[in-house]
Amino acid sequence: MPDDLSLRQPVHFLKIDVEGFEMEVIDSAAKLMDLQLVENIIAEFGPVGVWGNSKLDLATTRTNWKKGLKKMIRHYGFDIRILDGPGFQALVDLMQRERVNIDPESPGGKVKINRLFARDFFGNTFQPGDAFSEKMKAAQYHISDYVDLPFEFIDTFLDQNDNIAQLYLWFTRRESPMVQNFFSE
């Protein structure tokens with residue numbers, strides 16, 4: 001990104017789906033991240049062996065993802081959540097085996113699965129009457145389940161993800177007022 005580019009407005013939502021080059025796109029947005037202008041990123045993610053950058057060997061691709069995800073948490077101030085998708089249950093099973101994200105209130109110690117409900121990112125509820133709002137109302141405004149991806153689980157997640165199908169990583173910047181508002185309820 002050119003250094004002379006003047007960036008002032010936040011990017012509320014950035015979706016990345018570039019068939020294995022997601023980390024390269026995130027790296028290219030370093031200036032936006034350093035300026036804390038990006039609040040949410042959704043990135044498609046699949047097993048490193050399948051979706052990995054074909055120009056790099058598998059070990060290098062996995063290492064780049066480990067460094068990138070850790071940088072998103074430690075350097076840029078993001079939390080990482082994994083949304084329900086084709087590989088979600090396999091991920092939850094892996095977390096259960098590794099005893100990660102165990103819900104202390106769960107009998108038997110199950111992985112804590114959070115529920116994501118529809119609302120806009122400014123805290124408003126949807127207006128009744130339109131088709132989307134009616135569909136959300138019928139689903140009790142439930143959009144997706146998600147689990148948090150803790151920093152200490154990143155290496156295991158990437159080392160053992162070859163048996164996990166496609167997932168969606170949701171990066172949320174902790175200091176974003178919009179994100180704080182969204183998770184306040």
Side-chain angles (χ1 to χ4, degrees), residues 11-27 29 38-54 58 61-73 76 78-103 106 109-121 126 131-133 135-174 176 178-179 182-183 185:
V11 176
H12 297 296
F13 188 85
L14 176 64
K15 182 180 186 305
I16 304 170
D17 181 1
V18 289
E19 305 302 323
F21 292 89
E22 285 76 9
M23 197 49 64
E24 287 82 351
V25 171
I26 290 171
D27 286 343
V38 179
E39 296 178 328
N40 292 277
I41 300 171
I42 295 283
E44 186 175 5
F45 178 80
V48 173
V50 174
W51 292 86
N53 182 332
S54 60
L58 184 58
T61 298
R62 189 171 272 128
T63 298
N64 289 347
W65 270 93
K66 287 177 182 180
K67 288 178 183 176
L69 293 180
K70 291 175 181 179
K71 186 175 185 178
M72 291 298 290
I73 293 172
Y76 295 130
F78 281 83
D79 290 321
I80 304 173
R81 296 171 169 88
I82 300 178
L83 298 172
D84 194 354
F88 189 74
Q89 189 57 53
L91 172 65
V92 170
D93 293 346
L94 174 61
M95 292 178 133
Q96 189 69 45
R97 283 191 307 277
E98 298 290 326
R99 307 297 296 156
V100 174
N101 277 357
I102 301 301
D103 186 348
S106 165
K110 300 285 185 189
V111 171
K112 182 174 182 169
I113 298 175
N114 303 289
R115 295 174 57 90
L116 181 63
F117 293 94
R119 59 187 271 199
D120 73 20
F121 282 104
F126 292 98
F132 176 77
S133 294
K135 184 177 179 181
M136 287 293 97
K137 185 177 178 183
Q140 298 178 333
Y141 299 96
H142 178 246
I143 296 175
S144 179
D145 292 333
Y146 70 90
V147 293
D148 295 317
L149 180 63
F151 183 88
E152 63 275 1
F153 187 63
I154 289 173
D155 287 349
T156 302
F157 166 64
L158 289 168
D159 288 339
Q160 297 187 28
N161 83 330
D162 289 333
N163 295 320
I164 298 174
Q166 177 183 0
L167 296 166
Y168 297 95
L169 304 181
W170 179 18
F171 301 87
T172 56
R173 189 169 56 82
R174 282 186 295 277
S176 163
M178 180 184 67
V179 170
F182 189 77
F183 287 103
E185 294 179 12

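Side chains included, hydrogens not; waters and symmetry mates left out as well; all remaining heavy atoms used.
- Scored by the salt bridge (charged side-chain N to carboxylate O under 4.0 Å, His left out) test, Asp103 finds no partners at all (sequence neighbours excluded).
- Interatomic distance, NZ of Lys112 versus CG of Asn114, reported as 5.0 Å (0.5 Å rounding).
- Between the side chain of Asn40 and the backbone N or O of His12, at least one donor-acceptor pair lies under 3.5 Å.
- Screening Ile41, Leu83, Asp148, Ile82 against Trp170 for a side chain to side chain contact (heavy atoms under 4.5 Å, CB included) leaves a single residue, Leu83.
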- [ ] For Lys70 and Asp155, run side-chain contact (heavy atoms from CB on, under 4.5 Å): C-alpha distance rounded to whole Å, both residues' side-chain angles, the deciding distance at 0.1 Å, then the answer.
- [x] CA-CA 9 Å; Lys70 291 175 181 179; Asp155 287 349; 2.9 Å; yes

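- Applying the 6.0 Å contact sphere to NZ of Lys110 captures no more than 12 heavy atoms from other residues, nucleotides or ligands.
- One finds the NZ atom of Lys66 at 6.5 Å from the CG atom of Leu158 (value rounded to the nearest 0.5 Å).
- Rounding to the nearest 0.5 angstrom, the gap separating the CG atom in Asp159 from the CD1 atom in Ile154 is 11.5 Å.
- Considering CG of Leu14 and CD of Glu39, their distance stands at 11.5 Å, rounded to 0.5 Å.
- Residues forming a side-chain contact (heavy atoms from CB on, under 4.5 Å) with Glu98 (at least two apart in sequence, or on another chain): Leu94, Val100, Phe153, Thr156, Gln160.
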Open item on the list: side-chain contact (heavy atoms from CB on, under 4.5 Å), that's the test. Do Trp65 and Glu22 meet it? Break it down for me.
Closed with: CA-CA 9 Å; Trp65 270 93; Glu22 285 76 9; 3.9 Å; yes

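- Under the side chain to side chain contact (heavy atoms under 4.5 Å, CB included) rule, Phe171 has a single partner from Ile80, Ile73, Leu149, which is Ile80.
- Under the salt bridge (charged side-chain N to carboxylate O under 4.0 Å, His left out) criterion, Asp79 pairs with Arg174, not counting sequence neighbours.
- Without hydrogens or angle criteria, Arg173 side chain to Val38 main chain gives a donor-acceptor distance under 3.5 Å.
- Heavy-atom minimum distance, Met23 versus Asn64: CG-O, 4.0 Å.
- Atom-to-atom distance recorded for Thr172:OG1 and Phe78:CZ is 8.0 Å, nearest 0.5 angstrom.
- With hydrogens and angles disregarded, a donor-acceptor distance shorter than 3.5 Å links the side chain of Gln96 to the backbone of Gly109.
- From Leu169, atom CG reaches atom CE of Met72 across 9.5 Å, with rounding to the nearest 0.5 Å.
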- [ ] List the steps and the verdict of side-chain contact (heavy atoms from CB on, under 4.5 Å) for Lys71 and Ile26.
- [x] CA-CA 10 Å; Lys71 186 175 185 178; Ile26 290 171; over 6 Å; no

